[in-house]
Structures are given as structure tokens and as C-alpha cells.
Protein chains: 4
Amino acid sequence: MITFGVVGYGYWGPNIVRNLGQLEEAEVVAVCDKSPASRRRVQKAHPAVHVTDDSAELMSNSDIDAIAVVTPVWTHYEIAKSALQSGKHVFVEKPFTSNSAQAEELIELAASKNLKIMVDHTFLFTGAVRKIRQVLQDNTLGKLYYYDSTRVNLGLFQHDVNVIWDLAPHDLSIIDHLIAETPEAVVATGQTHLNGHEDVAFITLYFPNSVIAHINVNWLSPVKVRTTLIGGEKKMLVWNDLEADEKVKVYDKGVVQNLDPERREKMLTGYRNGDVLVPNLETTEALRLMAKEFVASIVEQRPSMTDGHAGYRIVRLLEAAQESMDDNGRLVFLNEGAIAAQVAVAMTASGD
Amino acid sequence: MITFGVVGYGYWGPNIVRNLGQLEEAEVVAVCDKSPASRRRVQKAHPAVHVTDDSAELMSNSDIDAIAVVTPVWTHYEIAKSALQSGKHVFVEKPFTSNSAQAEELIELAASKNLKIMVDHTFLFTGAVRKIRQVLQDNTLGKLYYYDSTRVNLGLFQHDVNVIWDLAPHDLSIIDHLIAETPEAVVATGQTHLNGHEDVAFITLYFPNSVIAHINVNWLSPVKVRTTLIGGEKKMLVWNDLEADEKVKVYDKGVVQNLDPERREKMLTGYRNGDVLVPNLETTEALRLMAKEFVASIVEQRPSMTDGHAGYRIVRLLEAAQESMDDNGRLVFLNEGAIAAQVAVAMTASGD
Amino acid sequence: MITFGVVGYGYWGPNIVRNLGQLEEAEVVAVCDKSPASRRRVQKAHPAVHVTDDSAELMSNSDIDAIAVVTPVWTHYEIAKSALQSGKHVFVEKPFTSNSAQAEELIELAASKNLKIMVDHTFLFTGAVRKIRQVLQDNTLGKLYYYDSTRVNLGLFQHDVNVIWDLAPHDLSIIDHLIAETPEAVVATGQTHLNGHEDVAFITLYFPNSVIAHINVNWLSPVKVRTTLIGGEKKMLVWNDLEADEKVKVYDKGVVQNLDPERREKMLTGYRNGDVLVPNLETTEALRLMAKEFVASIVEQRPSMTDGHAGYRIVRLLEAAQESMDDNGRLVFLNEGAIAAQVAVAMTASGD
Amino acid sequence: MITFGVVGYGYWGPNIVRNLGQLEEAEVVAVCDKSPASRRRVQKAHPAVHVTDDSAELMSNSDIDAIAVVTPVWTHYEIAKSALQSGKHVFVEKPFTSNSAQAEELIELAASKNLKIMVDHTFLFTGAVRKIRQVLQDNTLGKLYYYDSTRVNLGLFQHDVNVIWDLAPHDLSIIDHLIAETPEAVVATGQTHLNGHEDVAFITLYFPNSVIAHINVNWLSPVKVRTTLIGGEKKMLVWNDLEADEKVKVYDKGVVQNLDPERREKMLTGYRNGDVLVPNLETTEALRLMAKEFVASIVEQRPSMTDGHAGYRIVRLLEAAQESMDDNGRLVFLNEGAIAAQVAVAMTASGD
């Protein structure tokens, strides 16, 4: 039995508490929130759980094995660090931290104390993403051409981060999970209209082998859209997460080219149209699977599927996208082997 | 009666011939095409029209008042120039020319001979765009925030131009028509997978006053999408051109902010949800209205709504987008008065 | 404070308990269910509520003011009767009873003891139905032509009733609420494929003044559909209850006829196409509003909006539809004052 | 080469003339229409075709092999009879005739003169219906449960027939083509609101083996719907003819029942959810295939796929539906072996 203390009971906290509570292998013993109203909500829904406004109580409580950090982004680093220092495993909301240096520090700290980190990249546990991953690993699509996601809706405006840090972690973690290649560079553009943070933004990721990814995030759309197109040489895929029953469609469509080099200028391009397959998806709640994975990673003493390194990679991409957007779309490289140097150079170049 | 010679009877030519032919004030007297099969199609559909494979015949025919150029992009300049030199008005497929210098030369040539140029920006004549323009001019949306268009489908791959030059002229001409501001700079990214031209591309346009526009064009999508979101301070609009009957929707939605400066960190963001209006649209065929406009501009000796200058502005945007994409998203400025200087500065500033 | 005992904690019971429990004016003090698993679910979710497998305990408990009957249809009559006899108000799942004689008896019993009955016609409390009612009462649609509902999906097969008694109470209660006229006769057809009860059925209701209603219910549809068309002389309405945000649309569409009697055979029929309005709907949970209405009807000593008479009318329509379907679509009259006589005449007239 | 005279050049005539004209094996030599405007349209579009206002000219023209009857329903019989008497094959718009006696007479007349009849049941030649037929013949769906079609839109009101005779021939001919069983009886209901003909109607067809079909036709719907559900024991199918690309979907869904006879009252019903397949459909224009089939039936001296007998069966169903609707949903039997007797009895019974 892994015992949990949860810090933060706002919008997402209740889902975490409920899902951890439903696991046989886990138990939530304490919840901390600064807001009296939130604490009352905990007490009403979970009378047996200890409630406090002081997270230090959780850190010092030796009955607690792990801390779930479900607070605003800018607080993740301090709370997670405190938990690790107190010898507790940590589960952290996405995005992992406010910058990649913080992420690296937490990873090292956890490693030094043999503790587990898991970042809440929930989408990776949905039936849709699990099916798409299988389709890609089966090579059903053939050579990958592009990944193009639109994630727009009205709100919810965040006070501490812009639309990229709020919505794009979903897409970036999915891309990180699905695409075998490592991104080489990023270009991002966007605009601020209301509260001092960008509310409309567009990200392009360049990968090796001509793979390109694009993410469109927007807090000012009158309609909600959650649509991803994935193009491959053999087949193509559309994922509409708002469909009740037919979220993922695999299209047997493609381009057929006359490759006769002598007739290049006369090249005939044909289009292949076959059947569409709409695979049935597993419907277990993603958050439940994620909670199970975290508990299992602790019990089995292995990294979780979305461990600190996964969290770091997403923060690094967010950071690079921010850097590019701040400079109106400047190309920012992501060479993993020389991140520190690159970042230093980039920061100097952009005058930050 | 304005008499027309049409050069090019491929994919789009038949529509031009049919619509010109149906006007009371116009008559198609000759069609030129290099392909024997195309010429046979003309003869079968329009037995009374003269058919030839030599465009010079049209240029020297004094019974012809105007030439419609419905050929691949790279041929527009030569054919249009020859027509103007022969004293004929010209109607040119979009995009107007292959570069802005050609466009400027044609504009000057036409002006010097008092001839009219019209570029086929057909979408401006659709019921949808006419209604959206009215909505914007009425200030129904309030201050404009963004314009975001997705125009993707499978094919049709062009042999002489990439997906930006093929699909984005629609969006760029609509943006040019709808948005009162003049774009200041462009960032474009994209990728090439099949025939040596970019088949997936993303364009961001920066305007004054925090207006931003984005265009997603793709020849490799398994599904056809033609959706534009327009966000404003007071209302928002969605245009789905694939809807049979309800293409344009105006949403009474918005963000309401607590502007109390003392409580900035506690700022509450609210969301306003009102009715949605789906305005009825006029259904006259856009191509017919466009053909009428061209004939009227000749008869009334005035510029047409989509004259050479409109054509130039779109080519200039395409050129800048190409320049940006060639350099992986470099910011390209569009200050009309000082393009050369700006570009020089921009290149220096971005460290390329 | 009105105290409740709830009988039945299967599929729908938890929703009733939750919504009653959230009202300030109500409290659930006891829940009864025959199934040990269900009783355990109550205890886990509501530790403070008394749980029993014997409904008699609730009836004899003088601390309970009202009983909610959330059990299979065939048990409604006995449980509700027992509750009324014990001096308790009753809230009953739809359909009210298994036949109209039972409904009449319960209505009389409640009246004699000055107790309130409310039937769970939840849909009447949704934002969609409330808006549609307003649109009809405003005479926005003009003279009503027809009401046509499709309510199909896969399952849930019931063991004690067919698809008409399971799904059509929704439509019948909505029709009863929305259409000012009283239905005169019903025709129903259907077919049994699996468990001995009809799983596909179609109902036509004839009203005065040429109003006609139609209901399509089906447990064997691969897709879920919840669409209602309402046609009027001036406008028309579509209600798609599966739409997340745009459930109700009011179409300014209609038929314009040349009424010149001399030219009847040449009569020109024109079609009017105006704007579509998608009204914003209130989003308070319907079940919560319904629970409030029941409590208010008790406190204010007045009939609830969906009282026993409303329940009776729906059961009477179900009974007539069943009678018609059993006889392969025979016309069954609904003249309340003379049902027996009418049926006799009808049977003679149709030669059965 | 089969030469055609076409009678009627209104709404549908131009499509017939165009498709016959495009066949290598056929030629339209003359068109007859009473309206001067229609005749002018013929002349403009087909200068080489002889135009007349007198159908007798076509009948007596020995250069004409076959007559296409594209006129209002009430004229079909006289024109087709005249054509057959003149020794010409006939192609007749749906529905074949105004009543089944006329259809029988024409069938006999054609047989006696060794001439071919084809009725324009165009939908049978669409890619969608051809694919659905294959799916049913492959037994992909297993035992058939039901067929449920909704075909509604605003207009087009006809002056000589009601909505059943106008729209239901499509569904009835498709059902006749797809369902192996012969319908036993029909129940129809409907209502008249505007021009003296029913504009809203609902038809149920009873087949052997518990197969049931339902058709919903409506000229007063604000939205166009063309959706058919087909339920089978093994799989289910949805056909949405308004979808551009994904018209037919085959659902691997079904009901799984616990058949333990001892536990009937406890029977557990489960639901199977598998993948959905969206088969690619052939896109050849249906009217073209139909024209080819007619010409082939003449050349090969064989009955066409939609010959006079097919036309008769649809008229017989329409007649029975009308009879039922006239009597408010009375069950009308369709015993083929005793049609004459039935009709006589039925007509007496209903007082016609």
C-alpha cells in the first residue's frame, strides 16, 4: 500500500484524489490546500482524509510515501524538491517545472535518493493515444510525414503561464511518446491580447528525415477543437478527441507517383483511396491507468512511463518554443548533446 | 459586348469559359490550348468558338477585347504581358505572377495603355466571404484578435509550385480583403516529402495592433478541411466552407475580465456565452459575379475589385512566405516602402 | 427540510440520491436495495445514510417525509401505493406505472391523503426543452405542423418492458409538455428480435388541426441518435441533444405558396431561407431542478410540474401505443371521456 | 447504336439527356417538351438535337429506338403506352406509373411486342447501394433485423403526388433490391398541411422472419437528412448519403445474450463493440451506369436490372402505403398471389 499526500485541490486535484483512492494499492491520507473552500470540499467528499493548509505537515509525515503536486506550474519545483528532500516519491502535474534547469535538478535529486518521479502526461494513457502508438509501431502508416494538432477552445486563461505552457504540454508529450525521432529545432509564433500572456500560438517542430510537427493552441476560439492529423507514406490517421465513439480513423489513402525520371516534368500524381478503419478503443479512464503506473513504478522500483526525463523533455520543448515565440519565430535548435551551450548562446543572442 | 479569348482549357478553364459565356455583356470567341484533347473538349462543348493551339492568334485578333489567362503560374507573366502589349485587357488566374517584380511590370504596362487587369481571387465573390466582410465592417466582432485558416486535403500536387503558392493565395486574398490592417511581417515553415515542392506548410502573419493570422495548408491530409476561425473582442466567427447550408456562424462569446489593478494576481476571467447566429448567405455562383465585375470594370473604365494591385499584394505575401520558409521560419518584414532595406536589416538582426 | 427514503440504487438511483442530497431543503436519510453490492455502494459513497434491504423499514420510519421510487417499472405501483398509504409523498421514476388504472388509483389515493406525487420526466427540466417550450409559447414557429423524434442506440435492453416503455416516455412527456393540443389517436408498429420484447418501434400520434407527431425508438442501433425536428408555418426547429454546445437551432425557413385559386394546377411553391438562430441554453443540471421542484411542491402544497396526472397521461399514451402495436398498427383512439366506447367502435370500423 | 427520344426536359430531363449522350452506344436524336423555355434550353445545350412540343413526332419517328419518359407521374402511363405501341423501348422515371394496374398493362404490352422497359430507380446504381448490397449478400450483417430510412428536406412540393409517391420510391426500390424477403404488409401514417397532398409520412413494412422496415419522408424539414440504419445479428450498418466521403459504415457491434433458460429473468445482456469499417465506394455516376444498363438490356435482349416488374413492385408498395395512410394506418396486406382480390376487398373496406 502506497500512501499519498496531495498538495492542491483546485480544478484537477479532486480527480487525482478520486483515482488514487480507487486503487487497491494506494490510499490518500492527507490533502493540503491554501483555500478554506477547497479544504471544505475535501472534507465533504472524503471525510476520512486529513486536511491541512500547510504542506510542511505532509512533508514531515512519515506515514506518507508519496506526494502528488497538483498546484500552479510556478510552484511545482519548490514543492517537489521539498517532497524529494523529505524522502517521498513525487507525482507532478504537467508541465513538470517552469524551466529545464529545475527539471534536471529534481531528476538528479530523486536519483540520488532512489525516489520516483512521475509527470502527469495523462493523454498517454488514453485509449486513443495507446491505439495510435500501436498503429505507428506496427508501421501501419509507413514512413511518417507530419503530425498536425489543433487544440483550441474558449479559455481557461491561466494567470501564471501562457497558452503554450497550458495546452501544448499535451501535444508535446504525445509527440514525444509517438514519434521515434528526436526534434531538432522549433519555430513558434503567437500573440497576446488579454492578460499579458500569449493566448494564441503556433508551434512547428522540425525532426530528422523530413518529419514535421505543428501545434495550434488558442484560448480564444468560440468552438472547441481537438483534432490531430498524422500523415504517412502508406496510410494516414485522423484523431478527433471530441467524437464520442469514433475518435481515431485510419485512412488507406496516399499519393502514387510516376517515378520515371525521364518524364519528371510530366509526372503524373495519382491518389489512392481505400477503406477507412475506425478501431475500437479501450475505455478505461486514463487517470486511473496513470495512477496505477505510478504506484507500480514505486513498488517495482523502476522508472514510470512518464518519469522525470519525459517531464524534462517536454519542459525543454516548451522553453525552446517560448524562446522562439519571444523572438517572433526565430529557429531554436534542440541539440540534446549540447543543450547547456545552446541555451546559453540562444539566451545571449535573443538578448534575454 | 466584351469579347474574350481564353488561353488554357485544363482544370479551371471550362468554368471560366462557361461563366463568361453566360454573361449577357460578354462573349468567348476563341480558346487556345496546347493539348489536342483539351481542344476537342472545347469544340464539343462550344461548337461556335474558334479553337487554336497558338496563343499568338488570339493576341493578333482585333475582334478580341480581353484575354483570360488560365494556365500554370509560371506562364502567367509572359501571356499577360503579350496580351497587354496587344492592347487587350487581361484576366489572370491566381496567383497573379511568379514574383512581385513581374506583377509590378504588368501593372505599369496596363496603366500606360489604359487597360484593365483582374486577378481571379474567386473566393472574395462567394456569399460566405461577402457576409464575413459585412460582419467585420459592421464591427460586429469588435476589435480583431486573430484569423486562423486550415485548408488541407489530399492533393492536388502541382508540378510548378508548392502548397503555399497553390492553396494559400485563397487565404491571403481573403485576409487582404477582410482585414483592414496591412501585414508587417511573415513567418512560414513547411516540409517537402514527395515531388520536390513543400506539401505541408504553416504561415503566420503579424499585423499591427496585435492582430495575428495563421494559415495551415497541406496536400497530404486524408480529409478535406476548410475551416477558418476569426476571434474578436465582442464576438467570434467560424466559417466552415464544407458545410452545405450553415457555412458561417457568429458566436456571441467572449472573455470578461476583472480589471481591478489591485487584484491582478487574483484576476478572475469569466466567459460570456450567448446565442449563435447562422446568417443566410447569397448563393449566386462566385465565378459569375467575378466575371461580371471584370466586364463592368472594363465598361465603366475603373479598377476591378481584384485588380493588379490586389494581385501584387498577394504575390508579395507569397514571396515573403517562401523566403521565410526557405530559411526555416525566419521573420520576413513586409514594409512596402522599403522592402529591400528591411530584408537586409532583418537578416542581420536574426543573425543569419 | 424534507427527508427522503430512496428505494432502488441501480443505474439511476445514485443520481437521485446525489441530487436530493445537494439540495439545501432536502436530505436523504435511508436507501433500500435488494442487492448487497448496491448497498455497499451506498455505504461507500454516503456513509451517513441508513441502508437496508427492506422497503418496509422506510415506510414505517416516521422521520421520512417522502419516498423516491427508483426501481423497475413493474414494481412502481406497489411501492408508491405503500408509501402513500404510509403518509409519504412519492417521487416515481418514469414511466409512472405499468398501466393507467394503477396511475388513476395512485392519484386518487394521494389526493385523499393530501400527498404529492411527482414523476421523473427529467427532460422537461433540461435547458433544451425549456428553451423549446419558450419558442413554442412565443409562437415563433407559427402554426405547428409536426414533431418528429428519433431516439435510438445500442441497448440498454430492459427485462420487464419493451423499447416503447423504456425510451418513448421521454418523447411522450416532452410532447405532452410542448404541444398545446391533446392527441386524438395513436398508431404504433414494431418488432421483437431478441428477448421477447419489441426492440424497434415507431409511433405516430394524431392531434387536432393536422398536427402529427412521430417517435422512432430502437435498442438495436449501432449509433446513438437524439434528434427532434419540429416544423411550423413560420419557422422550424431542430434539437440534437448529442451536440455539446449547439443543441437547439431555430430555422427561419418555410414554404411560400401562390394561392391564386385560378392557377392551382400551376401553383408555384417557393422556399424561404433566412438566418438560423442557435439560442444559448441554461446549463443547470435537469435532475437538480426537478428535485427542487418536487421539494417546492411539497413545501408550497401545490401540484408539481410533472405530477400524477402528467404521469397518467404518459402511461395512457404508452398503453394505447402498445395496444396499437400488438395489433400491427391499428388506430387506437385516445378520447379520455370515452375510451372504451371509442376502442369498440374503432375495432369494428377497421374490421379486425 | 440505340437512338433515343426524350419526353420531358424539366428538372431531371437534362441529366438523362446528358448521360445518354455521353454513352458511346446511345444517341439522343429528339427531345419533346411543352414549355418553350425548356425547348430553348435544349437547343442551347444540344444544338444538334431535334426539338419539338409534340410527343407524337417522336412516336412516329422510325429513327428512334427508345423513348425516355421524364414527365410528371400521372402522364407516365399514356406516354409509355404510346411508345410501346409505336414499337419503342421505354425508360420511365420513378415511380413507374400511377397505379399497379397501369404497370401490369405496360409490362404485358412490352412483352407482347418484345420491347424492354426500364424504370429509373437510380439509387440502385450508386456506389453506396452497390456496396451495401454486397455486404448483405456476403452475410456480413448476419440475420437481418431492421431497415430504417430517414429522407427529409424542405420541398420540393409536387403538384400531382404526395411525399410518399415523390420520395419513398427511392427507399422502396432500395429495400426491394437489398432485402431478400418479400414484404407482407404495410402500415403508413401521414398528414397534409399545405397543398392538398401529404407532406409528412411514415411507412412501416412487415417482412417474414421479424424483419421490419421503416421510412420517414418529409417535405417540411428545415434540414436535409438522408440516413439509413440497417441492423443485423452480427453487424450493423449506417448509410449517410450526405457525407462526402464516408457514406457507408459497417459497425462490428451487437448484443450478446445469456441464453441460460433457467435464468431468463436474470438474463444478462451484453454489448459487443468492435471496429468500424468505412468501405471505399465506387464513384461512377449512377445515372451513367443506369443508362448503360438500359442500352445493354436492349442490345443483349434481356431484362434490365430495374425492369417493368421492379417498377410494378414499387408502385404496388406505394399503392398499399397510400391505402393504409388514407385509412390512418390500417394494416394493408401485400400477398402477391392474391393482389387483385386483396385490392378489391381493401378498396371496398376503405370506402374508396
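Note: hydrogens, waters and symmetry copies are ignored here, and every other heavy atom, side chains too, is used. Given the structure is predicted, the values throughout are model-derived calculations rather than measurements. By convention in this document, chain letters (A, B, ...) are assigned in the order of the sequence lines, proteins followed by strands, and residues within each chain are numbered from 1.
- Ranked by heavy-atom pairs shorter than 4.5 Å toward chain A, the options B:Gly232, B:Gly254, B:Gly190 are led by B:Gly190.
- No other option in A:Asn328, A:Ile212, A:Thr227, A:Thr204 has as many heavy-atom pairs under 4.5 Å with chain B as A:Asn328.
- Only the side chain of A:Val152 comes within less than 4.5 Å of a heavy atom of chain B; its backbone N, CA, C and O stay farther away.
- Note on ring orientation: taking the six-membered ring where Trp is involved, the planes of B:His214 and A:His214 are parallel (angle under 30°, cut-offs 30° and 60°).
- Contact annotation for B:Leu229: only side-chain heavy atoms (C-beta onward) come within less than 4.5 Å of a heavy atom of chain A.
- Interatomic distance, NE2 of A:His193 versus CD of B:Glu233, reported as 10.5 Å (0.5 Å rounding).
- Taking chain B as the reference chain and counting heavy-atom pairs below 4.5 Å, the highest number among A:Val200, A:Val255, A:Leu237, A:Val238 is found for A:Val255.
- Judged by distance alone, the side chains of B:Asp148 and A:Asn216 do bring a donor and an acceptor atom under 3.5 Å apart.
- For A:Leu156, the parts sitting under 4.5 Å from any heavy atom of chain B are the backbone and the side chain alike.
- To the nearest 0.5 Å, the span separating CG on B:Asn209 from CD on A:Gln191 amounts to 10.0 Å.
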Stepwise, does the side-chain contact (heavy atoms from CB on, under 4.5 Å) test hold for A:Met236 with B:Leu154?
-> CA-CA 10 Å; A:Met236 297 169 177; B:Leu154 187 59; 3.9 Å; yes

In sequence, state the C-alpha distance, the side-chain angles, and the governing distance for A:Thr189 and B:Tyr206, and then conclude on side-chain contact (heavy atoms from CB on, under 4.5 Å).
-> CA-CA 9 Å; A:Thr189 55; B:Tyr206 290 102; 3.3 Å; yes

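- For A:Asn218, the part lying under 4.5 angstrom from a heavy atom of chain B is the side chain only.
- Looking only at heavy-atom pairs under 4.5 Å with chain B, the residue among A:Leu220, A:Val187, A:Asp160 that has the most is A:Leu220.
- The shortest distance between side-chain heavy atoms of B:Tyr146 and A:Asp199 does not fall below 4.5 Å.
- Using a 4.5 Å cut-off between heavy atoms, B:Thr150 makes no contact with chain A at all.
- For chain A, the option among B:Gly329, B:Gly231, B:Ser210 with the highest count of heavy-atom pairs below 4.5 Å is B:Ser210.
- No other option in B:Trp219, B:Phe157, B:Tyr251, B:Phe202 has as many heavy-atom pairs under 4.5 Å with chain A as B:Phe202.
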